[in-house]
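Note sheet for the following structure.
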Amino acid sequence: MPTITDIKKDREFYRNFGSLIEVLKGIAVAHFHALEKRIVRFEEFMRILEGFFDLLDLAAIAHPFMDPKDAPTGIVAVTSDAGLLGGLNHRVMMAAISYLKNTKNKLMVVGLQGQKIAQGYKIPCKNFTGITDEKRYIAAMEIRDYIVEEVLNRRIGPVKVIYPFAISIKIQQVGELSLLPASEWKKEKEQKPASEGGELILETSPGDLVEYLMTIWLGQKVFDVLQLSRLAEFAARTIHLEESSQRVKDIDRKLQLRYFRIRHEIIDQQMRELFTARSLFSG
């Protein structure tokens with residue numbers, strides 16, 4: 001049975017530990033709000049870029065970006081290099097692994113934690129370094145270039161990205177984005193009336209033009225995903241630390257009750273001994 005001194009030491013430890021958690025939580029909150037303000041989506045640029053596809057008959061263009069044929073699906077799972085995220089990395093990886101029932105499909109993992117999970121399930125994957133604020137754009141271009149090379153060589157066809165995103169600092173979800181094939185451009189083209197103003201004259205072949213435009217589009221989409229994933233990382237860390245803080249407080253409350261119970265037992269014992277001693281001497 002622990003002594004009152006042991007309990008006092010435990011309470012001191014958990015109080016100090018709780019203070020450390022609060023500091024880490026404050027840092028995570030500050031990072032979340034700072035990154036939230038810095039996120040740039042380039043929506044106008046993407047709108048103009050996507051407008052070029054309205055000029056092309058995408059359904060008639062034979063290109064791996066448009067028609068993957070029987071190529072396997074490439075799954076990109078975006079996780080973190082850091083811990084203290086609760087089960088967010090695991091949720092992302094489980095969503096990605098669910099697409100690997102077809103053994104031909106290929107997994108690409110961003111982040112050390114996701115790579116460890118893949119290794120635990122003995123799943124081969126292409127590894128990319130985790131997301132950092134300083135090298136986020138470079139990482140996005142590296143992932144983009146790898147996807148483009150794999151698709152052009154027909155080693156993969158459709159491409160899906162599984163990533164975490166924060167609806168708010170308290171709510172994170174696992175999102176899914178289909179990057180390829182560019183079926184959405186086909187659908188938009190079919191739903192829109194033919195463009196007026198005469199025949200479109202192209203100096204570049206439609207396939208080369210689609211490849212160039214889609215490469216730019218893919219880079220921006222991957223960059224957006226990495227931004228949102230990084231934001232979700234700070235949000236998840238905040239919630240995980242808040243839950244940890246509550247658990248530490250619960251432990252401290254239980255220790256406090258044990259401390260008072262043992263202290264009262266000691267006081268009662270001392271009073272009984274004193275009463276017994278006085279009775280003996282008074283007799």
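Position 1 is the first residue of the sequence, and the numbers go up from there.
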Between CD1 on residue I262 and CD1 on residue I267, distance to nearest 0.5 Å: 12.5 Å
Intermediate values then yes/no, side chain to side chain contact (heavy atoms under 4.5 Å, CB included), V159 and E150: CA-CA 10 Å; V159 178; E150 292 294 290; over 6 Å; no
Same apolar cluster (I L V M F W Y, side chains within < 4.5 Å links), V210/I147: yes
Y14, OH: over 12 other non-hydrogen atoms inside 6.0 angstrom: no
Qualifying side chain to side chain donor-acceptor pair (under 3.5 Å) pairs, either residue in residues 73-84, two or more places apart: S80-E233
Atom of R263, atom of I4 and distance for their closest heavy-atom approach: CB-CD1, 3.8 Å
Evaluation steps, side chain to side chain contact (heavy atoms under 4.5 Å, CB included), between L179 and V161: CA-CA 7 Å; L179 293 180; V161 181; 3.4 Å; yes
Heavy-atom side-chain proximity of R230 to Q227 below 4.5 angstrom: no
Crowding at CZ, F165 (>12 non-hydrogen neighbours, <6.0 Å): yes
Stepwise side chain to side chain contact (heavy atoms under 4.5 Å, CB included) check, V109 with M93: CA-CA 9 Å; V109 179; M93 288 303 297; 4.1 Å; yes
Same apolar cluster: M66 and Y212, side chain cutoff 4.5 Å: yes
Side chain to side chain contact (heavy atoms under 4.5 Å, CB included) evaluation trace for I97 with M94: CA-CA 5 Å; I97 290 172; M94 289 303 99; 3.6 Å; yes
Q115 side chain to F128 backbone, donor-acceptor under 3.5 Å: yes
Sub-4.5 Å side-chain heavy-atom contact between E22 and L241: no
Distance-minimising heavy-atom pair for A236 and Q172: CA-OE1, 3.6 Å
K9 to F13, cation-pi by 6.0 Å centre distance and 45° axis angle: no
E12 and K8, any side-chain heavy atoms less than 4.5 Å apart: no
Neighbour count above 12 (heavy atom, 6.0 Å) for D70 CG: no
Distance-only donor-acceptor check, side chains T3 and D6, under 3.5 Å: yes
Flag for D250-Q246: side-chain donor and acceptor within less than 3.5 Å: no
Where G130 and V110 come nearest, the two heavy atoms and their spacing: CA-CG1, 4.4 Å
Nearest-0.5 Å distance that lies between atom CG in L231 and atom CD1 in I39: 4.5 Å
R154, CZ atom: more than 12 neighbouring heavy atoms under 6.0 Å: yes
Nearest-0.5 Å distance, CZ of residue F223 to CG of residue L218: 15.0 Å
Shortest non-hydrogen separation from R136 to D133 and the atoms involved: NH1-OD1, 3.0 Å
Non-hydrogen atoms of P164 and V78 that approach each other most closely: CD-O, 3.3 Å
Gap separating the CE atom of M214 from the CG atom of L180, nearest 0.5 angstrom: 5.0 Å
Common cluster, I138/V222, ILVMFWY with side-chain heavy-atom separation under 4.5 Å: no
Of L100, I75, V76, L107, the residue whose pairing with C125 passes side chain to side chain contact (heavy atoms under 4.5 Å, CB included): L107
Any V148 side-chain heavy atom under 4.5 Å of F65 side chain: yes
Interatomic distance, I239 atom CD1 to S168 atom OG [nearest 0.5 angstrom]: 7.5 Å
All pairs passing side chain to side chain donor-acceptor pair (under 3.5 Å) where residues 27-36 contributes a residue, at least two apart: none
Side chain to side chain, H240 and R237, heavy atoms closer than 4.5 Å: no
Donor-acceptor side-chain pairing of K25 and T238 below 3.5 angstrom: no
L88 side, atom CG; R91 side, atom CZ - distance, nearest 0.5 Å: 5.5 Å
Shared hydrophobic cluster for V23 and I169 (ILVMFWY, side-chain gaps under 4.5 Å): no
ILVMFWY cluster, Y121 and L112 together (side-chain gap under 4.5 Å): no
Closest approach of A166 to F32 (non-hydrogen atoms, all atoms of both residues): CB-CE1, 4.2 Å
Close side-chain approach of Y99 and I162, heavy atoms under 4.5 Å: yes
